[in-house]
**Q** 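My questions all concern the structure below.
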Amino acid sequence: MINKILMILVGLVLVVGCSSTDSEQQQMAATRTTMVISGDLSSLNTSSKAFAWHPTMFAVHANDSLDSDVIIQHMQNAITKVMQTKGYHLAKANETPSVLVGYGLALESEMSDKEILQKAGLVAGLSTEGVADKYEKGSVLVALFNPRTPMPVWRVLAQGFTDLDKTPLQREQRFEQLLATMLKPLPTL
């Protein structure tokens, strides 16, 4: 009798442990992030600890409901924060930077993976399979340049999902965590 009760309890635990709702599966799918890195950080000039923004490589491809200027400012603030933890500082007007930082952000509704591959030369290939419509796939690119060369020496592209129902503060915090992860390979000076 005790064995039968134990078997039933074990069976119920297994069934409950293996089952999940569609919303839980969609939530898990929406927290996925993929990242691809290309280049060689050792070719960066580290004689100066200053960085500056690339003069032409910054772009936001998002729908009109998002303010591109706010996104650019937030992206620059988040990248600056990570660069400062790595020992860099934003170059002053009279200072020659050792690194130029370019960046871009695109929502899937505005730019496809194929277009990203054509423009950035990278694609992370995050699948939207099993993800609810309330989430939109976003791509973030950060590229580091030696100021004397036109091509980036190192690039990282990450793709994840943005929950447009979250508060701006919650989205900003997740975005800052993503950028910290993306720039983690950058050596600390």
Side-chain angles (χ1 to χ4, degrees), residues 32-63 66-128 136-162 171-172 174-189:
R32 291 184 311 228
T33 303
T34 60
M35 194 166 43
V36 62
I37 297 172
S38 174
D40 182 10
L41 287 169
S42 68
S43 62
L44 284 178
N45 176 7
T46 56
S47 61
S48 163
K49 294 181 179 182
F51 76 95
W53 303 115
H54 193 279
T56 59
M57 191 190 160
F58 57 93
V60 173
H61 299 278
N63 57 36
L66 300 176
D67 185 341
S68 292
D69 291 336
V70 170
I71 293 170
I72 288 171
Q73 188 60 52
H74 183 195
M75 195 150 181
Q76 286 184 350
N77 290 342
I79 292 171
T80 298
K81 186 176 176 180
V82 174
M83 294 296 284
Q84 287 174 339
T85 64
K86 297 285 187 174
Y88 289 89
H89 64 274
L90 192 56
K92 295 171 181 49
N94 62 347
E95 191 174 16
T96 302
S98 61
V99 178
L100 295 178
V101 179
Y103 57 87
L105 178 137
L107 294 178
E108 184 179 38
S109 60
E110 302 298 317
M111 185 177 254
S112 69
D113 280 355
K114 184 177 179 180
E115 292 171 298
I116 291 169
L117 180 60
Q118 289 172 344
K119 290 186 184 278
L122 300 172
V123 69
L126 180 64
S127 172
T128 58
E136 183 163 6
K137 182 166 81 169
S139 301
V140 178
L141 173 72
V142 177
L144 303 181
F145 296 79
N146 180 323
R148 294 185 264 305
T149 59
M151 297 300 294
V153 296
W154 186 82
R155 298 172 293 172
V156 57
L157 176 80
Q159 290 184 320
F161 294 97
T162 183
R171 288 195 315 261
E172 287 175 12
R174 185 160 187 251
F175 190 66
E176 287 173 6
Q177 291 169 344
L178 176 65
L179 282 168
T181 301
M182 291 172 68
L183 293 172
K184 190 173 184 170
L186 184 65
T188 301
L189 299 179

**Q** In Å, rounded to the nearest 0.5 Å, how long is the span from CG of Leu183 to CD1 of Ile37?
**A**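 Answer rounded to 0.5 Å: 9.0 Å.
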
**Q** Which value, rounded to the nearest 0.5 Å, describes the distance between Trp53 atom CH2 and Thr80 atom OG1?
**A** 4.0 Å

**Q** If I take atom OH from residue Tyr103 and atom CD from residue Gln76, how far apart are they, to the nearest 0.5 angstrom?
**A**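 Result: 3.5 Å between the selected atoms.
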
**Q** If only atom types and distance count, is the side chain of Ser139 paired as donor or acceptor with the main-chain N or O of Gln159 below 3.5 Å?
**A** no

**Q** Consider only side-chain N and O atoms of Asn77 and Gln73, and report whether a donor and an acceptor are under 3.5 Å apart.
**A** yes

**Q** Let me confirm one number: the OH-CD1 distance from Tyr88 to Ile79, rounded to the nearest 0.5 Å.
**A**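 Answer for the OH-CD1 pair, Tyr88 versus Ile79, is 13.5 Å.
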
**Q** Applying side-chain contact (heavy atoms from CB on, under 4.5 Å), run through Val140 and Phe175 and close with a yes or a no.
**A** CA-CA 9 Å; Val140 178; Phe175 190 66; 3.6 Å; yes

**Q** What pair of heavy atoms forms the shortest contact from Leu141 to Met75, and how long is it?
**A**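 Nearest heavy atoms, Leu141 then Met75: O-CE, 3.9 Å.
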
**Q** Might you point out which heavy atoms bring Ser98 and Lys49 nearest each other, and give the distance in Å?
**A** OG-N, 4.4 Å

**Q** How close do Pro147 and Leu100 get, heavy atom to heavy atom, and via which atoms?
**A** CA-CD1, 3.9 Å

**Q** Stepwise, does the side-chain contact (heavy atoms from CB on, under 4.5 Å) test hold for Leu186 with Leu144?
**A** CA-CA 10 Å; Leu186 184 65; Leu144 303 181; 3.7 Å; yes

**Q** Considering residues, nucleotides and ligands other than Lys86, do more than 12 of their heavy atoms fall under 6.0 Å from its NZ?
**A** yes

**Q** Return the minimal non-hydrogen interatomic distance between Gly138 and Leu107, and the atom names on each side.
**A** CA-CD2, 4.1 Å

**Q** Rounded to the nearest 0.5 Å, what separation is found between the CE atom of Met83 and the OG1 atom of Thr188?
**A** 10.5 Å

**Q** Which heavy atom of Val142 sits nearest a heavy atom of Met182, and at what distance?
**A** CG2-CE, 4.0 Å

**Q** What's the spacing between Gln84 CD and Leu90 CG if we round to 0.5 Å?
**A**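 One gets 8.0 Å once the value is rounded to the nearest 0.5 Å.
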
**Q** When you compare the side chain of Lys81 with that of Leu179, does any pair of heavy atoms fall below 4.5 Å?
**A**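 Of all side-chain heavy-atom pairs linking Lys81 with Leu179, none is under 4.5 Å.
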
**Q** Closest approach of Pro187 and Leu41, non-hydrogen atoms and distance?
**A** CD-CD1, 4.0 Å

